[in-house]
Number of protein chains: 4
Amino acid sequence: MNKVILLGRLTRDPEVRYTQSGKAVASFSIAVNRFAGGQEQADFIPIVAWEKLAETCGNNLTKGRRVLVEGRLSVRSYEANDGQKRRVTEVVAQNVEYLDSRQTSGTEAGNIDINSFGKDVFPEEEIPF
Amino acid sequence: MNKVILLGRLTRDPEVRYTQSGKAVASFSIAVNRFAGGQEQADFIPIVAWEKLAETCGNNLTKGRRVLVEGRLSVRSYEANDGQKRRVTEVVAQNVEYLDSRQTSGTEAGNIDINSFGKDVFPEEEIPF
Amino acid sequence: MNKVILLGRLTRDPEVRYTQSGKAVASFSIAVNRFAGGQEQADFIPIVAWEKLAETCGNNLTKGRRVLVEGRLSVRSYEANDGQKRRVTEVVAQNVEYLDSRQTSGTEAGNIDINSFGKDVFPEEEIPF
Amino acid sequence: MNKVILLGRLTRDPEVRYTQSGKAVASFSIAVNRFAGGQEQADFIPIVAWEKLAETCGNNLTKGRRVLVEGRLSVRSYEANDGQKRRVTEVVAQNVEYLDSRQTSGTEAGNIDINSFGKDVFPEEEIPF
DNA sequence: TTTT
DNA sequence: TTTT
C-alpha cells in the first residue's frame, strides 16, 4: 500500500505536456494548509497526473481551485546537470475531486501540446519537476 | 487533510538523534513495493518520527522489518552548500504498526543519544535527511 | 489500522446529546455520492462524534454542509426490543473539515443539553443510532 | 471520496457465491483490534469482494490470515421478513494485500460454485450478509 | 458466529 | 545508500 490523500488549492494552473509516445502528463502543485505553533502553515506538494486524468485536470483546474487528490507517493532519482544525483518526490494522482463551484474560468487552463512546438518533449517517465 | 499510508520494509535500522531542546527524532527509509511493467519495483521513502514515537521506533524497529506507517507528507526547503535552494520531502509518521513477529534482534536498534558525544546536534526542525 | 475517509453532505442538522457522565455525543448522517451504472447514487453513512469534536460539530454544522470526515469504522451489537441481536455500524469521527463557506445559518444547529430535560439520557457507549 | 483502510484477521474462511449472472461474490469478516480502556478490543467488520477479487480471496485466504483491505463503505437497505426496513453495512473491497506467509493450507478455502447445487443463488446486488 |  |  502506498496511499496519499491531500486536500488543498492549486498554486498555479496545471501544465500539460506530452511524452514522445503521446501520453499526456499534467503537473501542478497544491498548497495544503495546517495549523502548527499557533499559526497556519502550508506544505506545497507537487502533483503529477497521467493520460486521461492529466487531460481532465488540464481542462478543468486553474490556480486557486480546491481539490481532493488521491494518489501514491513516488520518489525518482536523476542525474542533475552538475553530475549530482538528485531526488524528485511527487504525488502521482489516481483520482482528483473538484471541491468548489466551477468559476467559469476566462483563462482556459494549460493543456498546451508542446509537440506542436517541437520542444520540451521528454522521454517517457523522465520528466523532472 | 494531508494523509499518507504506507506499507513497506525498513531499508536500514532507524537513526535516532536529539534536537538541542532534547526532542528525539528517528529517521529511516522504507521500501514500498509495487508491480509496474510486469516487474516488481520499489519506492524508497524517507520517514521521520518525533518524540515518543521516535523512541519506540528506535527501540523496536530494525532493517528489514515490515511496518504500516500513517503520517503526513512534509516538504521543507533549505539552502544547500552551493547556495541553491533544495527541497526535502519526507513522511512525518503519526503512527507506526509493526507487522511481523519480533525477530528477537541481537543488534539492538539505534537510539544513540548523540548529545553524549557533543556532535550531530541539529537546531530544531532543521535536520536534513 | 481502522481508517475511514468520507466526503459528503449532512442529510440533517447534527443532534447533540450527553451521556450520564456528561460527555457530548453528536450524531448525523452524510450522503456520499458516487457514480454507478451511469447514474449518481448516494450512500447514507451514520457519523458519531464525541466530546469536544461533538460540540464543534453541533455548533458549526447544518444540513447540507459538505464535510471531509476522518474516522474509524465501529460495529456495535445490542439487544433490540424484540429480543433480537442487532448491529449498529457507524463511523466514529476523529477529525471533521468543513468544505464550504459558512452559510451564516439562521437555524442554529443542535446542541441541546438533554440533561436539562431529564430525558434521552443514554448510558455510556450505549447510544443506538 | 469514500475510502476505508483496514488491517485485521479473517474470522472465518471466505464464502464465495455466484449471482445469477455468474458474478463471483466473496464474503468474510475481519477482526480489527484496537486498544481502548486499557484492554484490547476488536471490531468485526464484514467485507465483500466482487468478481476477480472475490475469486482470489476465495482461493488464497483462510481463517486467521492477516490482510490489509482497501475499499469503500456501503450501506444497503432491505425489507426484512417482519416487514421492517433493515440496513446492511459492509466494506466493498477494492484491493486486498496478504500480510503473512502462506500457511500452505491443507483446507483449501471456499470457492464453492453454488450454481452446481442449484441453491443459494441470489439476485444481483441482493445478497444479505 | 468471531481473529492473533 | 536501499527492504523481502
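If you're wondering where the values come from, they're calculated on a predicted model, not measured in any experiment. By convention in this document, chain letters (A, B, ...) are assigned in the order of the sequence lines, proteins followed by strands, and residues within each chain are numbered from 1.
- Of all nucleotides listed (E:dT3, F:dT3, E:dT2), F:dT3 comes nearest to the side chain of B:Asn33.
- Here E:dT3 presents its P atom at 20 Å from CD of B:Glu97, a figure rounded to the nearest Å.
- Nearest nucleotide to the D:Arg9 side chain, out of F:dT4, F:dT2, E:dT3: E:dT3.
- In this structure, the CG atom of B:Leu6 is 20 Å from the P atom of F:dT2, given to the nearest Å.
- Counting to the nearest Å, the P atom of E:dT2 and the CD atom of D:Gln41 are 15 Å from each other.
- Between B:Leu7 atom CG and F:dT4 atom C1' the separation is 11 Å, expressed in whole Å.
- Here the closest non-hydrogen pair linking C:Ala49 and C:Ala93 is CB-CB, 4.3 Å.
- One interatomic measurement links the two molecules: CG of B:Leu99 to C1' of E:dT4, which rounds to 13 Å at whole-angstrom precision.
- The two residues C:Ser77 and C:Arg87 come nearest to each other via the heavy atoms OG-CG, 4.1 Å.
- Listed nucleotides E:dT3, F:dT3, F:dT2 differ in distance to A:Arg87; the shortest reach to its side chain belongs to F:dT2.
- Residue B:Glu90 contributes atom CD, which lies 20 Å from atom P of F:dT2 at whole-angstrom precision.
- F:dT2 atom C1' lies 12 Å from atom CD1 of B:Ile30, rounded to whole Å.
- The only option from C:Leu73, C:Thr89, C:Val4 that meets the side-chain contact (heavy atoms from CB on, under 4.5 Å) definition with D:Val91 turns out to be C:Leu73.
- Side-chain atoms of B:Asp43 come within 3.5 Å of backbone atoms of A:Val75 as a donor-acceptor pair (strictly under, hydrogens ignored).
- If you measure from atom OH of B:Tyr98 to atom C1' of F:dT4, you get 19 Å, rounded to the nearest angstrom.
- Side chain of D:Ala42, nearest nucleotide from F:dT2, E:dT3, F:dT4: E:dT3.
- In this structure, of E:dT2, F:dT2, F:dT3, it is E:dT2 that holds the atom nearest to the side chain of D:Thr11.
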